[in-house]
Amino acid sequence: QEEMKLTEGTRLILERREVGLDAIPEGCPITVGEADSNFIYRIWYWWLTPLLKKGYYTSLIHEDLPPIHPEDDTDRHSQMFHESWDNAPRNRRLIRALLPIYWKSVLVAAFLRGVTEACTFIAPMLLKSILEFLQDPEQDTWIGILLALGMFVGNVARTLLIQAYLQIIFRVSINVGGVLKSKVYTKALTISHRERQKYTVGEIINFQSVDTKQIQGFIPFMNHLWSSPFVVIVCIALLSNILGVASLGGVAVMILSVPLQVHFSRKLTKVTNDMMEKKDNRIKMTNEVLQGIRVIKFFAWEDVYCERLSNIRKEEVAVLKTASLLRAAISCLWNINPLLVTIVSFGVYINRGHVLSPDIAFSALAIFNLLRQPLKMFPTVLTLLIQADVSTDRLEKFFEGEELDPLAREEDPFLKDAVSISSGTFEWAPGEPALKNINIRIPKGQLVAVVGEVGSGKSSLLAAMLGEIPRVAGRTVVNGSVAYVPQS
């Protein structure tokens, strides 16, 4: 049975190991999981070294991987999310359901991000002191050594902190992605018939593959929403200390670019909604074609449906082009900002009669370089935020949909019959009963055929036994589990 579980690739790797083609040296360390490693091994990621060494000597298989960290268990996170979802307020329900689970990790990540950003200012501030030290030969040598050592320590601290931050925030991102995909899958199995009519198979697939991915992709960058403005403000303060009033010229350039940024962001929000709608239509049509491929081939309708799919795809590509142009405009606007800020600030500084000495020029350039990253990332994060917000609204609407009534069908292990329906009345739509006053008993082990005209309620009767149609009156009881093989 264990051999049956192995894939063909895994079996070939094990066979090569047995004959010595992929031999692992005896001194190769044993793979250890993150949960079993000490603090030093975690911050330097040394617990990955045995796995990397093993991968150098042989192809890795699933059995070689260390056990997953207990805190990352998807079942555990899904259970916590289901409980939090039931207790969350209706307004922005998805976000309020996720916050009680991940707020601690997000807070720690935000703290690390703040300290990391603070460490980025150590190098530019010390650079000015180092340049002043080099221009003054009378200063003691040990001062220069301390300044260089401080710059080195600051960079090392920033590297360690940013890696710790990335590990925490990406772990939250992966866990949230797993939780949302699990919720979509569970909801698709428990959604009521009335609610199911609102969604196509393509839309549900998009919920699981696209919308969850967009929310998951935004989480690693969400701290840039506050850290980027924080870095920009501090950089402006440092520039004002170095360049004086001339730094206000650069601030004016950034302020003037804000209205354009807002305009493009609003347009991008609208285009993103249109893009998701076009994508749903394409997947819906593709699924319909695949499901009815026999009929299409029988009547030679290939060209007709190919043309329909091509037209839908052309509409989607047109919206994608518009979205790409808007994203390019936003990125271009923010990428050119640092250069314009630098040119204007230096131009105003020189125009006011100041001399651009090396210590001022290099210190200011170092701070201008710090401005590049937040000004570059902020439009990207805004785009991700817009996409995640659209996906959040779509998933909330789907998650809040009506579910199957758990009391529509009862289970009784002591029931003499396999299925029993007593005085049952069922309806697909309110006020329109599909079955009235149904009484039926099916003994265990008996083969029963339900025969009737089209639309007489045969499928509704099976749905009543499965508990998938709302029960208005009566009682439905089954003994044990039910296996159902649909006709399509």
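Because the structure is predicted, anything quoted here is derived from the model rather than measured. These numbers come from the heavy atoms of this one structure, side chains and all, not from hydrogens, waters or symmetry mates.
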Flag if over 12 foreign heavy atoms under 6.0 Å of [atom1], [X]:
X	atom1	value
Lys436	NZ	no
Ile95	CD1	yes
Arg76	CZ	yes
Trp226	CH2	yes
Gln79	CD	no
Met125	CE	no
Tyr199	OH	yes
Phe111	CZ	no

Looking at [X] and [Y], would you say the former's side chain and the latter's main chain have a donor-acceptor pair under 3.5 Å?
X	Y	value
Ser227	Asn223	yes
Thr120	Glu117	yes
Ser173	Pro220	no
Ser105	Tyr102	no
Asn87	Glu83	yes
His77	Glu71	yes
Ser182	Gly178	no
Glu203	Thr200	yes
Arg327	Thr380	no
Thr476	Ile421	no

Hey, is [X] close enough to [Y] for a salt bridge, meaning N to O under 4.0 Å?
X	Y	result
Lys270	Asp274	yes
Asp303	Arg308	no
Arg93	Glu396	no
Glu34	Arg171	yes

Answer yes or no: is there a side-chain heavy-atom contact under 4.5 Å between [X] and [Y]?
X	Y	answer
Asn287	Ile205	yes
Glu427	Glu432	no
Asp211	Phe398	no
Ile68	Asp73	no
Gln387	Thr383	yes
Leu238	Pro124	no
Gln208	Ile204	no
Glu468	Arg409	no

To the nearest 0.5 angstrom, please state how far the [atom1] atom of [X] sits from the [atom2] atom of [Y].
X	Y	atom1	atom2	result
Thr190	Arg196	OG1	CZ	8.5 Å
Ile219	Leu384	CD1	CG	11.5 Å
Lys284	Ile312	NZ	CD1	9.0 Å
Leu243	Ile367	CG	CD1	8.0 Å
Glu403	Leu189	CD	CG	10.5 Å
Gln163	Thr116	CD	OG1	9.5 Å

field: Of Asn206, Asp280, Asn273, the residue whose pairing with Arg394 passes side chain to side chain donor-acceptor pair (under 3.5 Å)
entry: Asp280
message: Against Glu316, only a single residue in Lys321, Lys278, Arg282 fulfils side chain to side chain donor-acceptor pair (under 3.5 Å); can you say which?
response: Arg282
query: Is the closest side-chain donor-acceptor distance between Ser460 and Trp428 under 3.5 Å?
result: yes
Parallel, tilted or perpendicular, as decided by the 30° and 60° cut-offs, for the rings of [Y] and [X]:
X	Y	value
Phe81	Trp85	tilted
Phe368	Phe346	perpendicular
Phe299	Trp301	parallel

Which atom pair, heavy atoms only, marks the closest approach of [X] to [Y]?
X	Y	value
Ser84	Ala97	OG-O, 2.6 Å
Gly244	Ser247	O-OG, 2.8 Å
Val271	Thr322	CG2-CG2, 3.9 Å
Ala246	Val348	CA-CG1, 3.7 Å
Val106	Met222	CG1-CE, 3.6 Å
Ala388	Ile215	O-CG1, 4.0 Å

message: Please determine whether side chain to side chain contact (heavy atoms under 4.5 Å, CB included) holds for the pair Leu239 and Leu371, giving the CA-CA distance in whole Å, both sets of side-chain angles, and the decisive distance to 0.1 Å.
response: CA-CA 11 Å; Leu239 285 173; Leu371 275 174; 4.2 Å; yes
Verdict with reasoning, Glu288 to Val201, per side chain to side chain contact (heavy atoms under 4.5 Å, CB included): CA-CA 9 Å; Glu288 289 177 354; Val201 176; over 6 Å; no
task: Walk me through it: do Ile330 and Leu382 pass the test side chain to side chain contact (heavy atoms under 4.5 Å, CB included)?
output: CA-CA 10 Å; Ile330 293 172; Leu382 279 180; over 6 Å; no
Step-by-step side chain to side chain contact (heavy atoms under 4.5 Å, CB included) determination, Ile283 to Lys279: CA-CA 6 Å; Ile283 294 179; Lys279 189 173 292 186; 4.3 Å; yes
